[in-house]
Amino acid sequence: MQGDLFMKTKIKTHVVSNLLYFLGILWKINPKLVVFRFAEHFLSFGEWAFFNVIFMRYLFGAADYDRDFSQTASFVVISLTVLFFVNLFQIWMNERYLPMAHVELYEKLNRMLFDKAAGVDVACYENADFYDAYTKASSEAYDRAKSVLRNTAMFFASACASAFVIATLFSINWIAGLFSFLPLIGNFLFSKVINRIEYQRTLDNTPHVRRQDYVNRVFYLTRYAKEIRMTRIKNVLNDTYETASENRIGITKKYWKRLFALGLTRGILCFPLVFEGMWLFAAYCAMVTKSILIGDFVVLANTIVSVTWMLTDLADSVSATYQNGLYTAKLKEFLSYKAEIPEDWEGIPVPEKVETLELRDVSFSYPAQKKEGRYALSHISFTFTAGQRTALVGHNGSGKSTLIKLMMRLYDPTEGSILLNGIDIRRFNLQAYRRLIGATFQDFELFSMSVLENVILTRVKTDEQRQTAVKALEESGVKEAMEKLKHGVDTILTREFDEEGAVLSGGQAQKVAVARCFAKNAPIVFLDEPSSALDPVAEYQMYETIMELCGTDQQKIAVIISHRLSSAAMADMVCLLQDGKLTEQGTHLDLLQAGGAYADLFCKQAESYLQDIPQAASARKNFTAAAD
């Protein structure tokens, strides 16, 4: 993959640039949230500093400076009025503004991740490191976004407030000012080390957490329910989960002693030593040397607690900022990834009329195969022409689905080229090129949307869209069954969000998936095992419809993948793939007469088709005549 982005590399620690990058994202999403967050923290720390230093010094120093009661009372009333409005803003912020702003942040941040995930190369999904990077980015993005904003605002607010308080301590007594640096030293000295260790512990745990998350999904997803109940796979899953838990416990044990020792030392430097030392020193100055006034004594005794917590918050915000910076490095890498097949590739316009789709000496190797010098496809050359229905056949793993993925440009060939009307498909606008293709995938998925939306794969907003979807359901042979559902073709499929949703049989679901291809009515049609869940009779009817809708008069390029060779008997051309190579091509009858690997495959399957599929019976007669 480009730049080996998701390979395990040394973690980047450019914390400041990473945080500025994340803050830039937050500013783009909601600048008002950034401004209000900073305002809230500055007011909060300002209130704290004001009350513990200015307010207390003024109030308890009234006698020392001969202030009368009216002056003191006015100061208290004005101060409390200002603090009331500050608290009013903070309550509004936390109870009214933030809940709504965080919903907007959650939505827009995740949509940014969705858009990026939808644009990365399909090859990324076959890379375990990609899943580690993406799952970490997606699972933590929202919480990290709030943390980055909160801790950055806290850092600047607490730094300003702490600087003011420390300056006040030095103005009272320089030795007292020195006490304020102990929590600063304790936190900054140890927090960076602690957070680096915690971050490394999180990274070490990520693969094991991912395995546990996988087991969690398996146990609550419907498609796994039957296997779990009818087999012993539950024991294997439990073992996987338990092993992951044991590994996580082992990782925790590996790091806990260092974290405990560092945390204990930091705690002693930050609290008991500072509090007791300052209180004893302030009492000594006020009672023994008489070097400070009563107001200054109150400020010293009270402020050391405040400044300790301020500096603790400052250190915590710095350490959290450092940790967030390490996380942001991963998020930045993910969002900055440049796809080798960019979804927004403009390219040249596609032709108005599709005539040929040519494979010219195409070879392809998946990323994992490249390291071993193996190929999924090797030197494939073939030309698909408009009006031709081609059956792509072969054993599992022969490369049929891979070939379709290359023609859809989900991957690019390792060697050779694919040409549309004689022009390399890499030159065309990617989205426009893919709009030329209607496809049904072997591993299709139904979405928790209405039947019609599952067919046209967008919101049904017009009567024309509705009619198109209904017609496609009729052509795929499932319209009648869908109309019998509780809400007809508007019934929601799956019960993910709707208790009245419909759960279709495997055959019905496959017909809905095929209907997608019919509804798109594209000039290029790829059908990958479109009848694997159908019985022989339904399969024959399905292929009869497919061949009719993709007939010569339709001028479509139609490529059908199937293990069942009944489809080949109906096709205009047959291509046999074996171990990634195109070993035979020709019409069905020509290949039968040739008596090669295709004829052998067809002969072995023919008996199971004779009772239900008339076309297969006719083909068997042809095969027998050819053999004679």
Side-chain angles (χ1 to χ4, degrees), residues 107 111 114-115 118 222-223 343 350 352-354 389 408 429 431-534 538-539 541-551 553-560:
E107 177 201 357
R111 286 181 63 180
F114 297 159
D115 290 342
T222 305
R223 62 177 178 267
E343 293 292 312
V350 296
E352 293 184 5
K353 184 178 181 182
V354 173
R389 300 163 297 186
M408 290 191 290
N429 177 291
Q431 295 301 320
Y433 173 73
R434 287 181 179 163
R435 282 195 291 271
L436 297 175
I437 300 171
T440 296
F441 303 106
Q442 181 179 5
D443 51 351
F444 68 89
E445 292 288 348
L446 296 183
F447 299 94
S448 188
M449 302 184 297
S450 73
V451 175
L452 295 183
E453 289 168 338
N454 263 283
V455 172
I456 63 172
L457 296 177
T458 187
R459 294 294 182 192
V460 179
K461 296 180 179 179
T462 66
D463 288 339
E464 182 181 359
Q465 288 176 313
R466 189 179 186 87
Q467 292 169 6
T468 297
V470 170
K471 182 182 178 183
L473 288 170
E474 183 177 7
E475 290 170 341
S476 66
V478 75
K479 174 189 171 186
E480 185 177 344
M482 296 301 100
E483 289 177 337
K484 291 180 180 178
L485 298 176
K486 185 168 184 178
H487 299 290
V489 292
D490 295 305
T491 303
I492 299 296
L493 298 184
T494 81
R495 294 183 182 143
E496 184 80 18
F497 310 113
D498 190 342
E499 292 182 359
E500 295 184 347
V503 178
L504 304 184
S505 68
Q508 290 174 332
Q510 190 159 48
K511 289 179 179 180
V512 170
V514 172
R516 294 170 178 171
C517 195
F518 295 157
K520 192 171 184 180
N521 193 28
I524 303 174
V525 177
F526 296 136
L527 297 166
D528 192 351
E529 297 290 348
S531 64
S532 59
L534 304 181
E539 177 192 30
Q541 294 171 343
M542 172 68 74
Y543 277 123
E544 201 172 41
T545 302
I546 290 172
M547 295 303 172
E548 180 182 345
L549 294 175
C550 300
D553 57 330
Q554 299 295 325
Q555 288 299 296
K556 294 180 184 290
I557 293 176
V559 183
I560 304 161

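Side-chain atoms are counted along with the backbone in the values below, which use heavy atoms only and exclude waters and symmetry mates.
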Quiz item: So do F518 and L473 actually touch side chain to side chain, heavy atoms under 4.5 Å?
Solution: no

Exercise. Would you mind reporting whether L446 and V512 have side-chain heavy atoms less than 4.5 Å apart?
Key: yes

Quiz item: Judged by atom type as modelled, is there a donor-acceptor pair below 3.5 Å linking the side chain of R389 to the main-chain atoms of A558?
Solution: no

Practice problem: Output every pair passing salt bridge (Lys or Arg N to Asp or Glu O under 4.0 Å) with a member in residues 505-518, not counting sequence neighbours, ordered by first then second residue. | Solution: none

Quiz item: Should V559 and V525 be marked as a side-chain contact (heavy atoms from CB on, under 4.5 Å) after you check the CA-CA gap, both sets of side-chain angles, and the distance that decides it?
Solution: CA-CA 6 Å; V559 183; V525 177; over 6 Å; no

Quiz item: If you count the non-hydrogen atoms of other residues, nucleotides and ligands that lie under 6.0 Å from NZ in K520, is the total more than 12?
Solution: yes

Self-check item: L457 vs F447 side-chain heavy atoms within contact, under 4.5 Å
Solution: yes

Quiz item: What's the spacing between C517 SG and E475 CD if we round to 0.5 Å?
Solution: 10.5 Å

Self-check item: Pairwise side-chain contact, D528 with T440, heavy-atom cut-off 4.5 Å (strictly under)
Solution: no

Self-check item: Side-chain heavy atoms of I437 within contact of F526, under 4.5 Å
Solution: yes

Quiz item: Donor-acceptor pair, E453 side chain versus S450 backbone, under 3.5 Å?
Solution: yes

Exercise. Nearest 0.5 Å please: distance from the CG atom of N454 over to the CD atom of E445.
Key: 10.5 Å

Quiz item: Could you walk me through whether V350 and R435 pass the side-chain contact (heavy atoms from CB on, under 4.5 Å) check?
Solution: CA-CA 10 Å; V350 296; R435 282 195 291 271; over 6 Å; no

Show me the donor-acceptor pairs within less than 3.5 Å that the side chains of residues 482-491 make with the rest of the protein, sequence neighbours left out.
unit_1	atom_1	unit_2	atom_2	d
K486	NZ	E500	OE2	2.9
H487	NE2	E500	OE1	3.0
D490	OD1	R466	NH1	3.1
D490	OD2	R466	NH2	2.8
T491	OG1	H487	N	2.9
T491	OG1	G488	N	3.2
T491	OG1	G488	O	2.8

Quiz item: Do the non-hydrogen side-chain atoms of V470 and E474 ever get within less than 4.5 Å of each other?
Solution: no

Quiz item: Looking at residues at least two apart in the chain, or sitting in another chain, which of them share a side chain to side chain donor-acceptor pair (under 3.5 Å) with S448?
Solution: T494

Exercise. Search all heavy atoms of A509 against all heavy atoms of F444 and return the closest pair with its distance.
Key: O-CE1, 3.6 Å

Quiz prompt | Q508 (side chain) donor-acceptor with S505 (main chain) under 3.5 angstrom | solution = yes

Quiz item: Who are the side chain to side chain contact (heavy atoms under 4.5 Å, CB included) partners of A519, not counting sequence neighbours?
Solution: V455, I456, T468, A472

Quiz prompt | Test side chain to side chain donor-acceptor pair (under 3.5 Å) applied to N521 - qualifying residues, sequence neighbours left out | solution = K556

Quiz item: What's the spacing between Y433 OH and I524 CD1 if we round to 0.5 Å?
Solution: 5.0 Å

Quiz item: Looking at residues at least two apart in the chain, or sitting in another chain, which of them share a side chain to side chain contact (heavy atoms under 4.5 Å, CB included) with E343?
Solution: L430, Q431, R434

Practice problem: Spell out, as yes or no, whether a donor-acceptor pair under 3.5 Å connects the side chain of Q510 to the backbone of E529. | Solution: yes

Quiz item: Is there a side-chain contact between I557 and V354 (heavy atoms, below 4.5 Å)?
Solution: yes

